[in-house]
Structure formats: structure tokens, C-alpha cells
Chemist: 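If you scroll down you'll find the structure; I have some questions about it.
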Amino acid sequence: MASAASVPVGGGVLVDMPGNAQLLVVQPRSGEFRAFNPACPHVGSLVNPPAGGVITCPLHGSVFDVSSGAVRKGPATSGLREVAVARSGEDLVLA
Ligand code: FES
């Protein structure tokens, strides 16, 4: 899916998945990896990789917590959907 080294600490990357899907993989703290469906829960726009500890949707400005995906600022009323990932050696895989 992605190498752990490709995910910056404090940031994240969009990863292409089979079937035209994408996954937003983040590393909020060194060695802690999480992944979210990058479709904004508002009306489905693709969110940006995190910057400054938050994930932002460019369409209407919703803001999400980088660690939990929880909504910090609307118009979205719910957080990003987390997808379980695990580290396997140098790679990150779906758990
Ligand atoms: S689609 Fe993301 S804030 Fe509207």
C-alpha cells in the first residue's frame, strides 16, 4: 500500500488503492500511523493531506483532526472515516 518512510511525521500522503479509491495515510507522531477515507463527509470532496496538525477540505473549508479524523470545524458534521492499517516491516498494509 505505502512504505512507512513515504509518510512524513506530522503529515500524510494520499495513496492510490485498487479500483480508483484513495486513502489518506498520516503519521501524527513518529511511528504512529493512521489512515482515513479522504472523501469529505460533507459532500465528498477530496481532502488535502495534513498541514499544521489538521486536515482541511478545500471545497468548503471543513477542518479535521489529524490524529482522530474528528471534525474540528464544519460545515461537515462528522469526522473522516478511519481505515485500519498496520505496519509490516517497512510497509503499511490494510489491517
Ligand atoms: S465537501 Fe468538504 S467541506 Fe464541503
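All ligand and atom numbering here is 1-based and tracks the order in the structure. Excluded from the calculations below are hydrogen atoms, water molecules and symmetry mates; all remaining heavy atoms, backbone and side chain alike, are included. We number each residue from 1, following the sequence as shown. Please read all numbers here as calculations on a predicted model, not as lab measurements.
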Chemist: Using atom types as modelled and distance alone, determine if a side-chain donor or acceptor of Gln22 lies under 3.5 Å from a backbone N or O of Leu14.
Modeler: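 No; zero donor-acceptor contacts below 3.5 Å.
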Chemist: Do the side chains of Arg34 and Val26 get nearer than 4.5 Å, heavy atoms only?
Modeler: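 Answer yes - side chains close enough.
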Chemist: Closer than 4.0 Å to some heavy atom of Cys40 - which atoms of ligand 1 meet that?
Modeler: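 So the atoms of ligand 1 that pass are 1 (S), 2 (Fe), 3 (S).
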Chemist: If we ignore hydrogens and angles and just use 3.5 Å, is the side chain of Ser6 paired with the main-chain N or O of Ser3 as donor and acceptor?
Modeler: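 It does hold such a pair.
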Chemist: Determine which of the N, O or S atoms in His42 is closest to atom 4 (Fe) of ligand 1 and give its atom name.
Modeler: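 Within His42, restricted to N, O or S, atom 4 (Fe) of ligand 1 is closest to atom ND1.
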Chemist: What's the spacing between Leu80 CG and Leu24 CG if we round to 0.5 Å?
Modeler: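 The CG atom of Leu80 sits 7.5 Å away from the CG atom of Leu24.
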Chemist: What atoms of ligand 1 come closer than 4.0 angstrom to any heavy atom of Ser62?
Modeler: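 Checking each atom against Ser62, I get 3 (S).
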Chemist: Could you pull out the atom name of the N/O/S atom in His60 that is nearest atom 4 (Fe) of ligand 1?
Modeler: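 Among the N, O or S atoms of His60, the one closest to atom 4 (Fe) of ligand 1 is ND1.
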Chemist: So, taking the atom named CE in Met1 and the one named CG in Leu23, what distance separates them when rounded to the nearest 0.5 Å?
Modeler: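 With rounding to 0.5 Å, CE (Met1) is 5.5 Å from CG (Leu23).
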Chemist: In terms of atom number and element, which parts of ligand 1 are under 4.0 angstrom from non-hydrogen atoms of Ser45?
Modeler: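 Those atoms are 1 (S).
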